[in-house]
Amino acid sequence: MPELPEVETIARGLAPGLVGRIVADARFLCTTVLADCPCGDTFRTAIHGRPIRNVRRRAKLLIIELSPAPGRTDPASLAVHLKMTGRLWIAGAAEEPPRHTRFQLFLDDGQALFFQDQRRFGNCRLLSDLDSWPFYASLGPEPLETDAKSLADRLGKKTARIKALLLDQTVVAGVGNIYADESLFLAGIRPDTRACDLSPARRRKLFAALQQVLTRAIAAGGSTIRDYRTPEGLEGGFQNDFAVYGRGGEPCPACGTALSVTRVAGRTSTFCPRCQG
DNA sequence: CATGCGTCCTGCTTGC
DNA sequence: TGCAAGCAGGACGCAT
């Protein structure tokens, strides 16, 4: 389930093979992968001949920035959301696409970007202006490019559970279930605490914890629960450092108390009933 | 407006 | 052993 650290790892891994290349064509092996249309053939015409200018991450999105094709002046961006089971890698264009491959982006060097997604939740879209996409425009700040106090101030007087707000992409961008649970543990906060019940100091502590967890996870190449792989096909390493995620019933790494499992914001949430008050 | 919950999708896991 | 129900979860639509 690629969240911020996983998508960051993917962006860094893909950039050397994509930046400077020219898009030759695309092939869709699934009709639903292309969100909000334009339809497949329109998409193919719209990307043909475009040099790839940059590859970066925003929230959980992989953004491939495209320059105009020769003789044109219209830049564009390809935004890919991997959702839960999406994978991206570069391989020879002639390679047989494995099962669940949803689309291929063919490059001018005989290589292709492959997008595979077992569960079909993922999608990509071609946008002339990213900010014209309401979801993109509504994204909150990047947690690693914003100070913890500013992030804490964004909680305002909200009464929602703190975990729901961590997962809310308009509050802070890129956090999913794994890093929400890990951050809450590190900050000693129960996931079902209402944001308005947290002191300013505890809010700051939470976002400082989030920054620490995300930084460590990026350094480890992300977390592999089941499906996530780096573009090189490698598993991440941060799953070995989980304190609570996926460890319900196991002893708390800090105090030994059995970790509790509950549902907050519709998501499974694991926490230590003793350390997280 | 703010909050919360059901839905999508498919393969693996759990339980009878 | 076999089969079905349950589960995973990001974003979104809709209800309250």
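So you know, we letter chains A, B, ... as the sequences are listed, proteins then strands, and number each from 1.
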Just the rounded figure in Å: distance from [atom2] of [N] to [atom1] of [X].
| X | N | atom1 | atom2 | value |
| --- | --- | --- | --- | --- |
| Asp168(A) | dC5(B) | CG | P | 15 Å |
| Leu165(A) | dC1(B) | CG | C1' | 14 Å |
| Met84(A) | dC12(B) | CE | P | 13 Å |
| Leu82(A) | dC9(B) | CG | C1' | 15 Å |
| Lys163(A) | dT3(B) | NZ | P | 17 Å |
| Asp227(A) | dG11(B) | CG | C1' | 9 Å |
| Gln116(A) | dC9(B) | CD | P | 19 Å |
| Arg87(A) | dT10(B) | CZ | P | 17 Å |

**Prompt:** Considering heavy-atom distances to DNA chain B, does Phe121(A) or Arg161(A) have its closest nucleotide positioned more toward the 5' end?
**Reply:**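 Upstream on the strand: Arg161(A).
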
**Message:** Heavy atoms only, 4.0 Å cut-off, all strands: where does Gly266(A) land among base, sugar-phosphate and nothing?
**Reply:**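 Counting heavy atoms under 4.0 Å across all strands, no contact is made by Gly266(A).
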
Which nucleotide wins on minimum distance to the side chain of [X], given the candidates [options]?
| X | options | answer |
| --- | --- | --- |
| Arg226(A) | dT13(B), dG9(C), dG4(B) | dT13(B) |
| Arg120(A) | dG4(B), dA8(C), dT10(B) | dT10(B) |
| Tyr245(A) | dG11(B), dA8(C), dG4(B) | dA8(C) |

**Item:** Donor-acceptor side-chain pairing of Ser150(A) and Asp153(A) below 3.5 angstrom
**Value:**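 No pair is found: no donor N or O on one side chain lies under 3.5 Å from an acceptor on the other.
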
**Message:** Using 30° and 60° as the class boundaries, would you call the ring planes of Phe115(A) and Phe103(A) parallel, tilted or perpendicular?
**Reply:**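 The rings of Phe115(A) and Phe103(A) stand perpendicular, inter-plane angle above 60°.
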
**Asked** Is there side-chain contact between Tyr228(A) and Ser223(A), with at least one heavy-atom pair below 4.5 Å?
**Response**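 Tyr228(A) vs Ser223(A): side chains apart.
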
So, does [X] get its side chain near the phosphate of [N], meaning an N or O under 4.0 Å from OP1 or OP2?
| X | N | result |
| --- | --- | --- |
| His100(A) | dC9(B) | no |
| Thr85(A) | dT10(B) | no |
| Arg263(A) | dG6(B) | no |
| Arg119(A) | dT7(B) | no |

**Message:** Does Arg274(A), at its CZ atom, have more than 12 non-hydrogen atoms belonging to other residues, nucleotides or ligands within less than 6.0 Å?
**Reply:**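 12 or below, so no.
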
**Request:** Indicate for each nucleotide in nucleotides 11-16 of chain C, in 5' to 3' sequence, whether protein heavy atoms under 4.0 Å reach the base (B), only the sugar-phosphate (S), or nothing (-).
**Result:** BS----

**Minimal non-hydrogen separation, Ala26(A) against Leu105(A), with atom names** =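 Closest approach of Ala26(A) to Leu105(A), heavy atoms only: CB-CD1, 4.1 Å.
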
**Asked** How far apart are the closest heavy atoms of Gln104(A) and Leu29(A), and which atoms are they?
**Response**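 Closest approach of Gln104(A) to Leu29(A): OE1-CD1, 3.8 Å.
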
**Asked** Which residues satisfy the salt bridge (charged side-chain N to carboxylate O under 4.0 Å, His left out) test with Arg50(A), sequence neighbours excluded?
**Response**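 Salt bridge (charged side-chain N to carboxylate O under 4.0 Å, His left out) check on Arg50(A) returns Asp74(A).
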
